[in-house]
Amino acid sequence: MTLEEITQQLYHASERKRACRIQLIGEPIPRTVYPYGIAKSSKDQIVLVCWQKMGFTKAGGKEGYRNLLLEKIAELEILDWHFKKPEDFNPLDTQYKEWVYHI
């Protein structure tokens with residue numbers, strides 16, 4: 001998948017509030033995430049802003065917010081289950097410089 005195809009798939013999943021299974025380059029197992037948007041971070045990196053429900057993580061195995069480098073996504077599958085927009089999601093947070101899109 002190209003970066004453009006990944007971005008389009010994530011946009012469609014976000015619009016329909018559908019969970020995704022993603023595989024990042026170099027990780028042994030996939031992650032299941034709720035895609036909230038794609039943004040340029042304060043470090044000038046393009047990231048998928050998401051809630052990670054399960055899968056590989058360095059955060060002690062706990063679910064939570066993640067900013068995953070878009071260029072590291074090797075595989076993407078849109079799943080059949082839906083998520084709700086969380087009340088604490090803040091697209092105005094200073095860690096996000098500029099949004100491509102967000103829910």
Side-chain angles (χ1 to χ4, degrees):
M1 285 183 111
T2 67
L3 210 51
E4 183 177 332
E5 290 169 328
I6 289 169
T7 300
Q8 289 174 350
Q9 292 276 338
L10 288 167
Y11 175 78
H12 291 301
S14 298
E15 283 268 295
R16 295 179 286 173
K17 295 188 177 52
R18 300 268 297 273
C20 294
R21 182 176 299 119
I22 61 171
Q23 180 72 47
L24 297 185
I25 296 168
E27 292 187 351
I29 59 172
R31 301 170 184 238
T32 300
V33 300
Y34 302 159
Y36 295 158
I38 295 175
K40 181 185 274 190
S41 73
S42 57
K43 297 178 182 178
D44 284 331
Q45 297 173 310
I46 305 298
V47 295
L48 166 62
V49 180
C50 61
W51 180 268
Q52 182 168 325
K53 187 70 178 160
M54 62 182 83
F56 185 82
T57 181
K58 295 175 184 166
K62 299 196 184 314
E63 60 182 64
Y65 283 104
R66 303 282 189 277
N67 294 331
L68 305 174
L69 290 175
L70 197 65
E71 65 189 28
K72 297 283 186 180
I73 298 175
E75 295 177 34
L76 168 72
E77 176 188 0
I78 299 174
L79 303 174
D80 287 333
W81 78 72
H82 292 81
F83 64 87
K84 293 182 181 178
K85 181 180 178 180
E87 291 182 22
D88 67 345
F89 174 61
N90 180 11
L92 301 177
D93 191 303
T94 56
Q95 68 180 307
Y96 309 121
K97 248 169 84 171
E98 187 178 333
W99 285 96
V100 174
Y101 79 88
H102 64 78
I103 59 172

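Count residues from 1 along the sequence. Note that this is a predicted model, so its numbers are computed, not measured. Only heavy atoms go into these numbers, but all of them, side chains included; no hydrogens, no water, no symmetry mates.
- Between the Ser14 side chain and the Ile103 main chain, no donor and acceptor come within less than 3.5 Å of each other.
- Ring-plane geometry between Phe83 and Tyr34 is classed as parallel, the angle between the planes falling under 30 degrees on a 0 to 90 degree scale with a further cut at 60.
- Of the inter-residue distances, the one linking Met54 atom CE with Glu63 atom CD reads 8.0 Å to the nearest 0.5 angstrom.
- Considering only residues two or more places apart in sequence or on other chains, Tyr96 meets the ring pair (Phe, Tyr, Trp, His ring centres under 6.0 Å) condition with Trp99.
- No single ILVMFWY cluster, assembled from side-chain heavy atoms under 4.5 Å apart, contains both Met1 and Ile78.
- Here His12 contributes atom NE2 and Gln9 contributes atom CD; the two are 7.0 Å apart, rounded to the nearest 0.5 Å.
- Atom CD of Glu77 sits about 4.5 Å away from atom CZ of Arg21, to the nearest 0.5 Å.
- No chain of hydrophobic side-chain contacts below 4.5 Å, direct or via other Ile, Leu, Val, Met, Phe, Trp or Tyr residues, connects Leu79 to Ile6.
- Asn67 is not listed as a side-chain neighbour of Gln45, based on a closest heavy-atom distance of 4.5 Å or more.
- Val49 places none of its side-chain heavy atoms less than 4.5 Å from the side chain of His102.
- Trp81 and Trp51 fall within the same hydrophobic cluster, where Ile, Leu, Val, Met, Phe, Trp and Tyr residues are linked whenever their side-chain heavy atoms come under 4.5 Å apart, directly or through other members.
- Side-chain contact between Asp93 and Tyr65 is absent, with no heavy-atom pair separated by less than 4.5 Å.
- Linking ILVMFWY residues whenever their side-chain heavy atoms come closer than 4.5 Å, directly or via other members, places Val100 and Ile73 in the same cluster.
- Between His82 and Arg18, some side-chain heavy-atom pair lies under the 4.5 Å cut-off.
- Gln23 and Glu27 get closest at one heavy-atom pair: NE2-O, 2.6 Å.
- More than 12 heavy-atom neighbours from other residues, nucleotides or ligands sit within 6.0 angstrom of CZ on Phe89.
- By the 6.0 Å contact criterion, CD on Glu5 is enclosed, its count of non-hydrogen atoms from other residues, nucleotides or ligands being greater than 12.
- To the nearest 0.5 Å, the span separating CD1 on Ile29 from CG on Leu24 amounts to 11.0 Å.
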Quiz item: Hey, mind stepping through Thr94 and Ser42 against side chain to side chain contact (heavy atoms under 4.5 Å, CB included) and telling me if it holds?
Solution: CA-CA 7 Å; Thr94 56; Ser42 57; over 6 Å; no
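- Contact annotation: the side chain of Thr57 never approaches that of Lys62 to less than 4.5 Å [non-hydrogen atoms, C-beta and beyond].
- Counting heavy atoms from C-beta on, the side chains of Pro86 and Tyr36 come closer than 4.5 Å.
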Quiz prompt | Steps toward side chain to side chain contact (heavy atoms under 4.5 Å, CB included) verdict (Ile22, Leu48) | solution = CA-CA 11 Å; Ile22 61 171; Leu48 166 62; 4.1 Å; yes
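- When the side chains of ILVMFWY residues are joined at heavy-atom separations under 4.5 Å, either directly or via intervening members, Val33 and Ile46 end up in a single hydrophobic cluster.
- Leu69 contributes atom CG, which lies 9.5 Å from atom NZ of Lys43 (distance to the nearest 0.5 angstrom).
- With values rounded to the nearest 0.5 angstrom, Lys97 atom NZ is found 5.5 Å from Lys40 atom NZ.
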Practice problem: Just do the side chain to side chain contact (heavy atoms under 4.5 Å, CB included) check on Ile38 and Val47 with the steps written out, would you? | Solution: CA-CA 6 Å; Ile38 295 175; Val47 295; over 6 Å; no
